[in-house]
Amino acid sequence: MLKVNQYFDGKVTSIALQTATLPATVGVMQPGEYTFGTSQFETMSIISGALTVKLPGEAAWQTFAAGERFTVAAHQEFHLQVAVDTAYFCTYA
């Protein structure tokens, strides 16, 4: 069953699903700055647009564009800067 979640006054919307191997979400983010916490290991793949990310333990921000991905360990917090509407696919392990 699909579950729709909205965060940050509707500026981030995701649809949760179960893939053949892992739970996942597919979603979109409007421009803004966001902080997320993880409960599981996450792999975030950018479908379109770009995310500028400050990963846990890193001093520098990194930008990930369409076709790129990054990971975040469980029980961590990461920060995002979104300049343009961005679509993503995230798996959880």
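Separating the NZ atom in K11 from the CD atom in E33 is a distance of 10.5 Å, to the nearest 0.5 Å. One finds the CD atom of E68 at 10.0 Å from the CD atom of Q62 (value rounded to the nearest 0.5 Å). The CD atom of E77 lies 10.5 Å from the NZ atom of K54; values are rounded to the nearest 0.5 Å.
T19 is listed as a side-chain neighbour of F89, based on a closest heavy-atom distance under 4.5 Å. Counting heavy atoms from C-beta outward, P31 and D85 have side chains that approach closer than 4.5 Å.
In this structure, V4 is a member of the same hydrophobic cluster as V26, with clusters built from ILVMFWY side-chain heavy atoms closer than 4.5 Å.
Connectivity analysis of hydrophobic side chains (ILVMFWY, heavy atoms under 4.5 Å, direct or indirect) links L22 to nothing; its cluster partners are none. Hydrophobic cluster membership for V12: Y7, F8, M29, Y34, F36, M44, I46, L51, V53, L55, F64, F70, V72, F78, L80, V82, Y88 (Ile, Leu, Val, Met, Phe, Trp, Tyr linked by side-chain heavy atoms under 4.5 Å, directly or transitively).
Using a distance-only test at 3.5 Å, with no hydrogens or angles considered, a donor-acceptor pair links the side chain of T86 to the main chain of A50. T25 contributes no side-chain N or O that, together with a main-chain N or O of I15, makes up a donor-acceptor pair within less than 3.5 Å.
Side-chain contact check for T43 and T71: no donor-acceptor pair (N or O, by modelled atom type) lies under 3.5 Å. In this model, a donor atom of one side chain and an acceptor atom of the other lie less than 3.5 Å apart for T13 and Q6.
Taking each heavy atom of G49 and V84 in turn, the nearest pair found is CA-CG2, 4.0 Å. Among all heavy-atom pairs drawn from Q40 and A93, the shortest one is CB-O, 3.5 Å. Between Q81 and W61, the shortest heavy-atom contact is CG-CZ3, 3.6 Å.
With sequence neighbours excluded, no residue forms a side-chain contact (heavy atoms from CB on, under 4.5 Å) with A74.
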